[in-house]
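Here the structure is laid out as structure tokens; the discussion comes afterwards.
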Amino acid sequence: MATKIKSVWFCTECGADSPKWQGRCPSCGAWNTLIEEKVSAKKSKSVTLSQRSLSRPQKVSEIEVVEEPRIKMPSKELNRVLGGGLVAGSLVLIGGEPGIGKSTLVLQNTLSIRSKRILYISGEESAVQLKMRADRIGRVCDNVLIACETSLENIMTHIENTQPEIVVVDSIQTIASDEIESAAGSVSQVRECSARLLKYAKESGVPVMLIGHINKEGSLAGPKVLEHIVDTVLQFEGDRHYMYRILRSIKNRFGSTSELGIYEMGQKGLREVTNPSEMLLSHSENDEELSGMAIGITLEGIRPFLIEAQALVSTAAYGTPQRAVTGFDSKRMNMLLAVLEKRVGFKLAQKDVFLNIAGGLKVNDTALDLPVICAIMSSNVDMAIPKGTCMAGEVGLSGEIRQVTRIEQRIGEAEKLGMKTIIIPKYNLKGVDKDRFSIQIREISKVEEAFRMLFA
Ligand code: TYD
Ligand code: MG
């Protein structure tokens with residue numbers, strides 16, 4: 001019987017389908033995101049009640065808790081982000097921009113697990129390319145079988161023949177099922193392929209790791225559909241021009257999403273960064289003091305680390321002053337500049353302001369307001385902030401310094417890294433045992449106080 005081919009319009013934002021084209025997605029409200037895909041209409045099998053297995057609702061206290069068996073990954077950072085290892089039968093998605101190092105991360109890890117049989121499906125690179133990469137990483141190990149394949153049906157056959165203990169699919173956007181008309185990477189293909197792999201993972205108890213590319217808007221291409229099918233979504237991010245990479249957990253059915261792993265991309269693949277603070281500070285002990293630099297303590301997930309804000313304030317060479325920011329929210333910087341104008345009396349309207357967060361990391365922590373504002377003040381008056389000083393604090397619209405989260409952890413990290421003084425919001429000190437720390441703790445409640453403390 002010939003299967004009927006029909007058109008379905010899928011939203012590239014949320015994956016919702018619609019029987020006809022519409023200008024606006026009825027599900028997520030995005031404009032102009034519906035694209036046509038051909039799918040073969042499958043006859044739905046009618047299931048009678050006796051065929052369907054019916055489960056009995058249970059009381060919470062009756063439910064038995066069994067610890068899921070986990071496969072420990074060689075990389076400690078990856079293990080932590082996964083919540084303690086790869087859970088049997090789980091479907092893990094590793095997303096990231098092209099070229100960020102997803103394949104390297106997964107290949108490097110799988111090559112180091114000697115005790116497991118691993119099937120690595122590559123739809124992007126040839127076997128020779130993968131061998132070259134394995135050589136470069138410096139680990140050639142025969143527990144990993146490589147198959148360059150893009151057909152889902154062939155992949156399932158390979159799985160059957162090799163009986164792997166872990167399956168890697170690089171990437172989900174390159175594989176396609178023969179049963180669906182549309183091209184690889186389309187919403188219906190991505191959905192179908194991941195659903196089939198999910199079914200395999202759940203039935204066999206073999207964990208499957210999917211690699212997925214992220215589109216320009218920052219969502220996983222082929223997109224939200226994938227996010228809710230899988231058990232765990234890890235995002236690998238960083239600036240390609242810098243060495244640092246952050247592995248973040250966005251969704252995890254088997255662990256916390258506040259965990260974070262930090263890596264450095266080098267000649268021989270990825271290296272774990274166990275002490276990020278030391279790497280993110282650009283200057284060392286014996287360097288001379290420079291103006292325009294301030295050290296902040298930020299939290300990524302639950303991990304504190306020191307990070308450097310660098311600012312340059314100079315007289316505008318052209319009519320309109322420039323504002324350029326990397327690694328920090330530019331709107332937030334404009335707000336901080338307005339606070340400086342109003343509260344400290346800086347005339348910044350005729351000045352170019354450049355701001356950079358060292359290391360190429362994008363930080364999203366309001367506690368960086370204070371270091372950013374101090375770096376700008378330091379550059380504007382051309383006076384360096386004393387060495388060994390760091391700070392954390394949110395700046396409010398009227399120039400008040402507001403509380404930040406987990407202050408004790410931040411102070412602890414600063415102390416561990418040999419900082420001498422830490423400037424924190426006054427209101428944060430309630431309940432903090434100052435005597436526990438040997439670092440000097442200075443409190444402020446207004447931006448003006450920070451100015452006087454550092455530059456007067
Ligand atoms: P890759 O893992 O292919 O990225 P993705 O799978 O996310 O597209 O690798 C990305 C980049 O990493 C590539 O441009 C080369 C670089 N790289 C190194 O710098 N050192 C190495 O040892 C390896 C293997 C890759
Ligand atoms: Mg790749």
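Indexing begins at 1, ligand by ligand and atom by atom, following the structure's order. Only this structure's heavy atoms are used, side chains among them; waters, hydrogens and symmetry mates stay out.
Looking only at protein heavy atoms, the nearest one to atom 6 (O) of ligand 1 is Ser103 OG, 2.6 Å. When only non-hydrogen protein atoms are considered, atom 22 (O) of ligand 1 lies nearest to Gly269 N, 2.6 Å. In this structure, atom 12 (O) of ligand 1 lies nearest to the protein heavy atom Met265 CE, 3.2 Å. Of all protein heavy atoms, the one lying nearest to atom 4 (O) of ligand 1 is Gly101 N, 3.1 Å. At the shortest separation from atom 1 (P) of ligand 1 among protein heavy atoms lies Thr104 OG1, 3.6 Å.
Scanning all heavy atoms of the two residues, the minimum distance from Arg245 to Leu270 falls at CG-CD2, 4.3 Å.
In terms of N/O distances under 3.5 Å, ligand 1 is not approached by Pro98. At least one N/O-N/O distance between Gly99 and ligand 1 falls below 3.5 Å.
Under a cut-off of 6.0 angstrom, the local environment of CD in Gln267 is sparse, with at most 12 non-hydrogen atoms contributed by other residues, nucleotides or ligands. Other residues, nucleotides and ligands contribute at most 12 non-hydrogen atoms within 6.0 Å of the CG atom of Asn364. The environment of Asp142 atom CG is sparse: at most 12 non-hydrogen atoms of other residues, nucleotides or ligands sit within 6.0 angstrom. Crowding of Arg253 atom CZ: a count of heavy atoms from other residues, nucleotides or ligands under 6.0 Å exceeding 12. Atom NZ of Lys251 sits in a crowded spot, with more than 12 heavy atoms from other residues, nucleotides or ligands closer than 6.0 Å.
Considering His213, Arg136, Glu125 only, the shortest heavy-atom separation from atom 18 (C) of ligand 1 involves Arg136.
For Arg117, there are no side-chain hydrogen bond (donor to acceptor under 3.5 Å, both in side chains) partners at least two apart in sequence or on another chain. Applying the side chain to side chain contact (heavy atoms under 4.5 Å, CB included) test to Leu198 and every residue at least two apart in sequence or in another chain returns Leu91, Lys202, Ile229.
Distances from the Mg ion (ligand 2) show that Ser171 has no N/O/S atom below 2.8 Å.
Residue contacts with ligand 1: Gly266 is included, with a non-hydrogen atom under 4.0 Å away.
Ligand 1 places these atoms under 4.0 Å from at least one heavy atom of Lys268: 22 (O).
If you check the side chains of Thr298 and Asp365, you find a donor sitting under 3.5 Å from an acceptor.
Residue-level proximity to ligand 1 for Arg133 is carried by the side chain, the only part with a heavy atom below 4.0 angstrom.
Within a 4.0 Å radius of atom 15 (C) of ligand 1, the protein has no heavy atom.
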